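Before any comments, here is the structure.
When a residue number appears, it is its place in the shown sequence, counting from 1. Nothing here was measured: the structure is a model prediction, and the numbers come from that model.
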Amino acid sequence: MSQLILASSSPRRKELLEQVHIPFQTRKQDADESSLPFYNPRAYVQALAELKNRTVNLQEHNEVILSADTIVSYEGKVLGKPQSADEAYEMLSMLSGAQHEVYTGVMLRSSEQESFIVEKTTVEFWPLTKDEIEYYIETGDPFDKAGGYGIQTYGATLVKGIKGDYNNVVGLPLSRVVRSLQAYGVYPTLPELENERTGN
């Protein structure tokens, strides 16, 4: 079986792969994201994923490198990770009572093939009061997350609804990734699944 290499330090992506029992190792990527021009959210997030992927070398013939990037887009503007409480407040106020899009770009690469996934999920926030926003900022949760919120943490209370893949908002369109990995020889490793696949 091929060896999956996750070119990401994101704890959320690690947790998602572990959730579906995909074995992987992590390898540090060192991409300069400031060098990429912005055209549109879909093209940009795919370019980010490719940039990250190509900074990581294939060290063994059976390795498959997975890289990913997630962005939040509101009215054509990309919202990154807030660097201050004021910036977080500005972002969350902007998203209050409105819909925005979350895009994740994924690149898979082996010595023999490469492919891309770009997934979009639409997220709608409740109208948020000043107190609600300030309380959420005080939790410290917004500061390592694009758009200033995490749907898998207390930020779930801000979300009225979504259209699309929930896991995509967390950081990886998990179902599509698992299916795409099959073409690279990467599968879940639960013993009962492995026995069923091999006929044992």
[X] versus [Y]: any side-chain heavy-atom pair under 4.5 Å?
| X | Y | value |
| --- | --- | --- |
| Leu16 | Val177 | no |
| Gln19 | Leu174 | yes |
| Lys145 | Lys81 | no |
| Val78 | Val72 | no |
| Tyr187 | Leu181 | no |
| Val20 | Pro188 | no |
| Leu6 | Leu17 | yes |
| Tyr136 | Asp141 | yes |

Linked, directly or transitively: [X] and [Y] (ILVMFWY side chains, under 4.5 Å):
| X | Y | result |
| --- | --- | --- |
| Tyr74 | Leu48 | no |
| Leu108 | Ile22 | yes |
| Leu95 | Val169 | yes |
| Leu58 | Leu4 | no |
| Tyr44 | Val118 | yes |

Show the nearest heavy-atom pair for residues [X] and [Y], with the distance to one decimal.
| X | Y | value |
| --- | --- | --- |
| Ala68 | Leu172 | CB-CD1, 3.9 Å |
| Pro142 | Ala88 | CB-CB, 4.2 Å |
| Ser110 | Val64 | CB-CG2, 4.3 Å |
| Asp165 | Glu119 | CB-OE2, 4.0 Å |
| Ala85 | Ile137 | O-CD1, 3.7 Å |

Within this structure, what is the [atom1]-[atom2] distance for the pair [X] and [Y], rounded to the nearest 0.5 Å?
| X | Y | atom1 | atom2 | value |
| --- | --- | --- | --- | --- |
| Thr122 | Ile162 | OG1 | CD1 | 9.5 Å |
| Lys163 | Glu124 | NZ | CD | 12.0 Å |
| Leu128 | Ile133 | CG | CD1 | 5.0 Å |
| Asn168 | Ile151 | CG | CD1 | 10.0 Å |
| Ser8 | Lys14 | OG | NZ | 7.5 Å |
| His100 | Ile71 | NE2 | CD1 | 11.5 Å |

_Could you walk me through whether Ser175 and Arg179 satisfy the side-chain contact (heavy atoms from CB on, under 4.5 Å) test, starting with their C-alpha distance in whole Å, then the side-chain angles of each, then the deciding distance to 0.1 Å, before giving a yes or no?_
CA-CA 6 Å; Ser175 181; Arg179 282 160 174 73; 2.9 Å; yes
_Between Gln46 and Tyr103, is the side-chain contact (heavy atoms from CB on, under 4.5 Å) condition met? List the steps._
CA-CA 9 Å; Gln46 177 173 315; Tyr103 292 85; over 6 Å; no
*Electrostatic pair Arg54-Glu114, nearest N-O below 4.0 angstrom*: yes
Could you tell me whether the side chain of [X] and the main chain of [Y] form a donor-acceptor pair under 3.5 Å?
| X | Y | result |
| --- | --- | --- |
| Glu87 | Gln83 | yes |
| Ser93 | Tyr89 | yes |
| Asn167 | Val170 | no |

*Decide side-chain contact (heavy atoms from CB on, under 4.5 Å) for Thr26 and Ile5; before the verdict, give the C-alpha distance in whole Å, the side-chain angles of both, and the deciding distance to 0.1 Å.*
CA-CA 5 Å; Thr26 57; Ile5 306 297; over 6 Å; no
*Could you tell me whether Gln182 atom CD has more than 12 heavy atoms of other residues or ligands within 6.0 Å of it?*
yes
*Crowding at OH, Tyr166 (>12 non-hydrogen neighbours, <6.0 Å)*: yes
*Using distance alone, with no hydrogens and no angle criterion, decide if Tyr184 and Ser115 have a side-chain donor and acceptor under 3.5 Å apart.*
yes
_Under 3.5 Å side-chain donor-acceptor pair for Arg176 and Ser180_ = no
*asked:* Suppose clustering is done on Ile, Leu, Val, Met, Phe, Trp and Tyr with side-chain heavy atoms closer than 4.5 Å. Which residues sit in the same group as Phe116?
replied: Met107
_Full working for side-chain contact (heavy atoms from CB on, under 4.5 Å) between Phe125 and Tyr149_ = CA-CA 11 Å; Phe125 270 21; Tyr149 77 98; 3.6 Å; yes
*According to the side-chain hydrogen bond (donor to acceptor under 3.5 Å, both in side chains) rule, which pairs have a member within residues 55-72, sequence neighbours left out?*
Arg13-Thr70, Arg27-Glu63, Lys52-Asp69, Asn53-Ser67, Thr70-Thr104
